[in-house]
Structure formats: C-alpha cells, structure tokens
Amino acid sequence: MMWEQVLEGEDKVFSVFEINGDYCGSLELQNPDSDTPEIGIDLFENKRNKGIAPKVVKLLAKRCYKDRKVDYFLIKRTEFISQAIYLDFPT
C-alpha cells in the first residue's frame, strides 16, 4: 500500500542514514499539502532507541514548515519508539 501511495500520489519517502553511511530506515510524508500532514517513521530494530527518530522527524518537520505553515503533524510509528518527539516552531 505504501508504494502505491508514493508512486501514484503526492506522498514522499525519504531514506535515513547515519553519518557513517549505515542505512537506518525511512520516513514518509503523507498529505504534504494538508494543514496536518502525517509523518511515518520506520527504523530497523537495531537503530531504534538511539535518538535517531526524534532528530530526523524534527528535521523533516522543520523543512516542511519552512515551505508552508502547518497546524500540526500527525506522527505514525510502525513500532514502539520510546523517545518523545517535541517539535518547536515559531507561532
């Protein structure tokens, strides 16, 4: 279903890599033109709970917010991620 949405829709998928080049997983931005876009994150199990998810979600959200004002982001996780993700944007 995800690939169908990406290939036929406006959804965007981004690969996540560590600085050393290790592939960690992916982020998906659904409904990017909405006032409430959804960010999906899927990391390999061995890359979870290392602070990667909060960093990449915040980077993606800030970049989206630069393009247009977003009321809020919906965040969907495929597995449990223990860190809270706080996004601070200008009002």
Trainee: Atom CD1 in I39, atom CZ in F14: separation rounded to 0.5 Å?
Mentor: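 So the CD1 of I39 and the CZ of F14 are separated by 9.5 Å.
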Trainee: Side chains of S26 and V16: closer than 4.5 Å at any heavy-atom pair?
Mentor: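 They are not in side-chain contact.
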Trainee: Could you give the distance from CG (D11) to CD (Q30), rounded to the nearest 0.5 Å?
Mentor: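 Between D11 CG and Q30 CD, I get 4.5 Å after rounding to 0.5 Å.
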Trainee: List in chain and number order the residues that pass side chain to side chain donor-acceptor pair (under 3.5 Å) with T36, two or more places apart in sequence or in another chain; answer none if no residue qualifies.
Mentor: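 T36 satisfies side chain to side chain donor-acceptor pair (under 3.5 Å) with S34 only.
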Trainee: Using 0.5 Å steps for rounding, measure from the CG atom of L27 to the CG atom of L60.
Mentor: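 Rounded to the nearest 0.5 Å, the CG-CG separation comes out at 5.5 Å.
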Trainee: Mind checking what makes salt bridge (Lys or Arg N to Asp or Glu O under 4.0 Å) contact with K47, not counting sequence neighbours?
Mentor: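 Once residues adjacent in sequence are excluded, the partners of K47 under the salt bridge (Lys or Arg N to Asp or Glu O under 4.0 Å) criterion are E18, D22.
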Trainee: Excluding sequence neighbours, so at least two apart, what forms salt bridge (Lys or Arg N to Asp or Glu O under 4.0 Å) with D35?
Mentor: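 Once residues adjacent in sequence are excluded, the partners of D35 under the salt bridge (Lys or Arg N to Asp or Glu O under 4.0 Å) criterion are R68.
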Trainee: Measure the CG-SG distance between N46 and C24 for me, rounded to the nearest 0.5 Å.
Mentor: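 If I round to the nearest 0.5 Å, the distance is 8.0 Å.
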Trainee: Working to the nearest 0.5 Å, report the span between CD1 of I41 and CD of E28.
Mentor: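 Going from CD1 on I41 over to CD on E28, the span is 11.5 Å.
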Trainee: For P37 and N31, work out which heavy atoms get closest and say how close.
Mentor: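 Smallest heavy-atom distance, with atoms named: CB-O, 3.4 Å.
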Trainee: Keeping to residues at least two apart or across chains, list the ring pair (Phe, Tyr, Trp, His ring centres under 6.0 Å) pairs with something in residues 24-44.
Mentor: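 For residues 24-44: Y23-F44.
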